[in-house]
Amino acid sequence: DTNSEIHDEL
Amino acid sequence: MNVFRLAGDISHLLAIIVLVIKIWKTRSCAGISGRSQILFALVYTTRYLDLFTNFISAYNSAMKIFFIVASYATIFLMYSKFRATYDHNHDTFRIEFLIVPVSGLALLVNHDFTPLEILWTFSIYLESVAILPQLFMVSKTGEAETITSHYLFALGSYRTLYLFNWIYRYYAEGFYDLIAIIAGLVQSVLYCDFFYLYITKVLKGKRLSLPA
């Protein structure tokens, strides 16, 4: 997984 | 932002607008599950708390605010203004059967054990199943108004378009988020039956009715 805390999608 | 993501967002936006306009114009929320609408309000509220912590873009913030406001407006229309038209006898899906397991799963499987991240994860999992009370209601009454079918089609298409967005982002940016992808798959699969009926019936000008 690359994504944590910042979610740039809706 | 790629074309799949943009199409998904537009589809999501259209779904929400269609629902509010349907209720407003017909002065009725018959056939709409208030329980699904409560779940969606919960989804947007818990997911978009990052409005206060992260700024991504004006587009992103505007959409988030719109989704939150529209979801509460829908609840207001259903439970207050047009309450008399709310078909509560057919809206009987027990939402605690969704909220409790989804809460447990969000606590167990998340990217980071922090309050905001757990709430984000909760909202992703909850969104994947939030339509179940509505689909249950359609199956119970055996039919849906054509405008309700359009709403459901747009709402279901949005996450399916996001799946294409994630495939694109994986190849173009090396970005992927397994929690969102798996929940998005579940969410899309739940609509399959409805998509089939929509394409074979509603698009051919017939009303959506289920075989007895």
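Each chain gets a letter, A, B and so on, in the order its sequence line appears, and its residues count up from 1.
- In this structure, the side chains of B/His88 and B/Met78 stay at 4.5 Å or more apart for every pair of heavy atoms.
- With a threshold of 4.5 angstrom between heavy atoms, B/Asn110 does not approach chain A through any atom at all.
- Results of the ring-ring contact (aromatic ring centres under 6.0 Å, His included) test with B/His12 over B/Phe66, B/Tyr158, B/Tyr162 single out B/Tyr158 as the only residue that passes.
- The contact between B/Asn60 and chain A is made by backbone and side chain atoms together, counting heavy-atom distances below 4.5 Å.
- Heavy atoms of B/Tyr44 lying under 4.5 Å from chain A are absent altogether.
- Side-chain contact between B/Thr85 and B/Arg27 is absent, with no heavy atoms from C-beta onward closer than 4.5 Å.
- A centroid separation of less than 6.0 Å is found between the aromatic rings of B/His150 and B/Tyr198.
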